[in-house]
2 protein chains.
Amino acid sequence: MAQKVKLSTIAETLGLSTATISLALRDSPLVAADTREKIKEQARVLGYIYNRRAASLRTSRSGIIGVVVHDIMNPFYGEILKAIETELDRSRHTFILSNHYDSVDKQRMFVETLLQLGGDGVIMSPAIGTPPEDVLLCENNGMPAIFVARSMEGLDVPIYRGDDTYGISLATNHLIGLGHRSIAMIGGTDQTSTGRDRYQGYVNALRKAGIEVDPGLRIPGPRTKQGGFEAAVNFLSLPQKPTAAVCWNDLVAIGLMNGIARAGLVPGQDISVTGYDDLEEASIATPSLTTVWNGQAEVGRLAARALLDKLAGSHEPDGIHLIKPEMRIRQSTGPIRR
Amino acid sequence: MAQKVKLSTIAETLGLSTATISLALRDSPLVAADTREKIKEQARVLGYIYNRRAASLRTSRSGIIGVVVHDIMNPFYGEILKAIETELDRSRHTFILSNHYDSVDKQRMFVETLLQLGGDGVIMSPAIGTPPEDVLLCENNGMPAIFVARSMEGLDVPIYRGDDTYGISLATNHLIGLGHRSIAMIGGTDQTSTGRDRYQGYVNALRKAGIEVDPGLRIPGPRTKQGGFEAAVNFLSLPQKPTAAVCWNDLVAIGLMNGIARAGLVPGQDISVTGYDDLEEASIATPSLTTVWNGQAEVGRLAARALLDKLAGSHEPDGIHLIKPEMRIRQSTGPIRR
DNA sequence: CTGAAAGCGCTTACAG
DNA sequence: CTGAAAGCGCTTACAG
C-alpha cells in the first residue's frame, strides 16, 4: 500500500498547518469556509483516514461503548441489542459486543479490554456471580456502567428491565382465570434476580387465588428451546398432572409446546402454556403463544439513551427503572378441560 | 477517580525507567526475572490499565478484528459468529461486530470506523450490491478481508461458505426419491450469489430427474420464519398443488410448517418440507426438520483461522473454500401420498 | 483566520 | 540487564 496519508500529508500538500486541517475536518467555524472546503476535498482525494487512536489518546474520548450480555444469539438479548444499536448509531458511537455466557472471567476480560481501548461506557447484563469489584473497576476508571435485564445488589448503577414479579403474575392470573389450578413453572434458575422475581410473581399469584404452592411443580432448567423441549418429559410425568405451565420465557414455552406435541397432546387445548418476553417469534409459533410483553426494545433504547446522557454530562438519578409488562393473549392457552 | 496510573507511574514508584516497565509487563526475557515480578506486582497494586490506544499508535497493530454480517440475530450468522468468537478469543483478539442489514451505506460506515480504529482485519458477509471499492478500501489500507457465506465477483478475497448448488440438490433429490414431482422452492432472492446458486441446484436436480421446471413454483421472499409463515398461503393456493417444498433455509421451513399447520395440514405427512443450514433448532422443531447441514461452525472457524494466519504473515492461497453440505433426514419429509 | 509547539502513553532502536 | 530519547498521529491552548 502507498504511504499513509495523515493530517500532515494534507497540510504539506496544501501549504497549511496540521492545526488548521484538524479543525477544518471537524467543521470548526474557526476555519474560513473556503479553506475548509478545499481541505475536505483534498482529504477525499488523498484517501485520508482519520486515526481515532491518536485522537482518542489526546482527548481521552474513544466513542466506543461496550455491551456485554449472556448470549447475543438469544433473541431476547438480540431485541435489546437491536434497540441499543439503533440508538448508538444515531450518535455515531461504535459498539463492541460480547457474550459472557455467565462466565465471570469472560466478562471481566471483556471489561478489561474495553478499559484498555478507552471505552466511554458499558451496558451490561451482569453474569451470575459478578463481584461488585468488577463493576467498580469500570466506574473507578471513568467508564460508567448501565445494567439491562438483570439487577445486582449493593451498587449504585442505573438499571433498566421489566417488572418480572408483576409480569409473571399476569401470566399466572390469566391461567387461573381460565380455571387452571395445577400450574407448573418451567425453566430458569434462582441464581439471578430475574429468576427469583419471576418465581415470586408466580407464588404471589397462586397464594392470592388461594391455591397451595407445590414446590414439586417447579421444574428449573436452561432458558432455551432445548431446555423447554427436554422439560416436556418431566412435565408430562408429574404425578400432580398439571393442566398448565407458566414458562420462564418464550423460548422455553416454544420448546415445551414442541415436546408436548411430540407426545401427542395439543398445546393450547390439552395443556395451556404461557411464555414470557413476546419475542417476534411468539406470534408465529403454532399454536401462537400467549405471553407477556417485556419491552426489550424499550429496555435497550432507554439504557442506551441513559448512558449517552450520562456521557454528555447529565446527572439523572441512578437506581432501578422498571418497564411495565403487558399480557398478550393468543392460542396457546385455553379453559381447563375436565 | 484518582490520578491515572501509567507506565511512568510504575517507573517512578519503583525507581526504574518506562522502557523496563514496558518490557517487563510484556514478559520480555530482557528483564531480570525478579525485576519483572516486582514490576508486575506493583502494576497490580496500583491498578494499572494498559493503554492499547497508545500502544497501537506506536506499533500500528490494534488486536481488533471486525465482523460484519447481514443480521447477528439470525441464528445462521449467530452460529458462524460463535465459532469466530471462540477462535479469536483463543488468540486474544477483540472483535467488533456489526449488522449491515444489506445496507451498503451501513456496511461502509462500519468499515470506515474499523479503519479509524486501526482494525487488523475484517471478516464480512458482504451486503447485497457491495461495490468492489468498499472491499479494496480495506485491502489498500492494510486491513485484509475474508468473506463468509457470500461471494463477490472480481475480487481476490478468500471466501468460506457452503457449496449451495450441491447442497440444495441433495434436498431436492431426497424429495424426488420420495416420489415427489411437483416441488416448490420457497424463500430467498436472486440478488446474492447464494440465492442464484441455490436456485440452480434445485433446477439441476429437477432436470436430471427429467422433471420439467415450472417457474411458477418458485416463491421468493424474506429468509425468515415470518417469510416462510407468510409464504404458506401462496404455497397452498398454487394451482399446481405441489406436494413438497424445498425451502431457502431452516427459518423459512419452520415458518412454512407453522403456516401449513395453521391451515390444518400436517407437515411431513400431507406436505414434505426441507430446510437448509441444520440450525440447532431444526432437530427440535415439530415435526423435526429434514435439512441440509451447512457447516456454519466450520465456516466461522476456518475463516477466523485464515485471517489470523494471514495476519501472522502466512501467504495461503486466496479463492473460494467450499464446505461440503450433508443431508440430515428427519420427520418433515415423507413419501408422496396419492 | 492560521501556525508553532507541547503532550496524550506507549514501544523501539540504540547506547551503555 | 537497564535507561534516555525519539516518535506514532492527533488536538489544544496560546500567540499572532
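All values derive from a computational prediction rather than experimental measurement. Protein chains get the first letters and strands the later ones, always in sequence-line order, with residue 1 at the start of each.
- The separation between Asp34(B) atom CG and dT2(D) atom P is 8 Å, rounded to whole Å.
- One N or O on the side chain of Arg52(A) and one on the backbone of Ser62(A) form a donor-acceptor pair closer than 3.5 Å.
- With hydrogens and angles disregarded, a donor-acceptor distance shorter than 3.5 Å links the side chain of Asn74(A) to the backbone of Phe76(A).
- Separating the CD1 atom of Ile39(B) from the C1' atom of dT2(D) is a distance of 10 Å, rounded to the nearest angstrom.
- One atom, CG of Asn51(B), and another, P of dC8(D), lie 18 Å apart when rounded to the nearest Å.
- There is a side-chain donor-acceptor pair under 3.5 Å between Arg26(A) and Ser22(A).
- Judged by distance alone, with hydrogens and angles left aside, the side-chain atoms of Asp309(B) form no donor-acceptor pair with the main-chain N or O of Ser314(B) at under 3.5 Å.
- Using a distance-only test at 3.5 Å, with no hydrogens or angles considered, no donor-acceptor pair links the side chain of Lys82(B) to the main chain of Ala297(B).
- For DNA chain D, the neighbouring residues in residues 16-28 of chain B, judged by any heavy atom under 4.0 Å, are Leu16(B), Ser17(B), Ala19(B), Thr20(B).
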What does the 5'-to-3' dot-bracket notation of DNA chain D look like when only Watson-Crick and G-U wobble pairs under 3.5 Å count, and pairs to other strands show as |?
|||.||||||||.|||
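- Rounded to whole Å, atom P of dT11(D) lies 14 Å from atom CG of Leu30(A).
- Within the 4.0 angstrom heavy-atom criterion, only backbone atoms of the sugar-phosphate kind lie near Gly15(A); the bases stay farther away.
- No donor-acceptor pair under 3.5 Å is formed between the side chain of Asp71(B) and the backbone N or O of Tyr101(B).
- Heavy atoms only, all atoms of each residue included: Ile72(B) and Asn99(B) are closest at N-OD1, 2.6 Å.
- In this structure, Leu7(A) places its CG atom 14 Å from C1' of dG3(C), rounding to the nearest Å.
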For Lys40(A) and Asp27(A): C-alpha separation, side-chain torsions, deciding distance, then whether salt bridge (Lys or Arg N to Asp or Glu O under 4.0 Å) applies.
CA-CA 10 Å; Lys40(A) 289 197 165 187; Asp27(A) 286 318; 2.7 Å; yes
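- In this structure, the side chain of His100(A) engages the main chain of Ser125(A) through a donor-acceptor pair within 3.5 Å.
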Taking it one step at a time, do Gln107(A) and Asp134(A) satisfy side chain to side chain donor-acceptor pair (under 3.5 Å)?
CA-CA 9 Å; Gln107(A) 178 179 265; Asp134(A) 287 4; 5.0 Å; no
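- Separating the CG atom of Leu115(B) from the C1' atom of dG9(D) is a distance of 16 Å, rounded to the nearest angstrom.
- Non-hydrogen atoms lying under 4.0 Å from DNA chain D are contributed by Leu57(B), Arg58(B), all within residues 52-59 of chain B.
- Rounded to whole Å, the distance from CG on Leu117(B) to P on dG9(D) is 16 Å.
- Note: NZ (Lys38(B)) to C1' (dT2(D)) measures 12 Å, nearest angstrom.
- At least one side-chain nitrogen or oxygen of Thr35(A) sits closer than 4.0 Å to the OP1 or OP2 atom of dT2(C).
- Glu280(A) contributes no side-chain N or O that, together with a main-chain N or O of Glu79(A), makes up a donor-acceptor pair within less than 3.5 Å.
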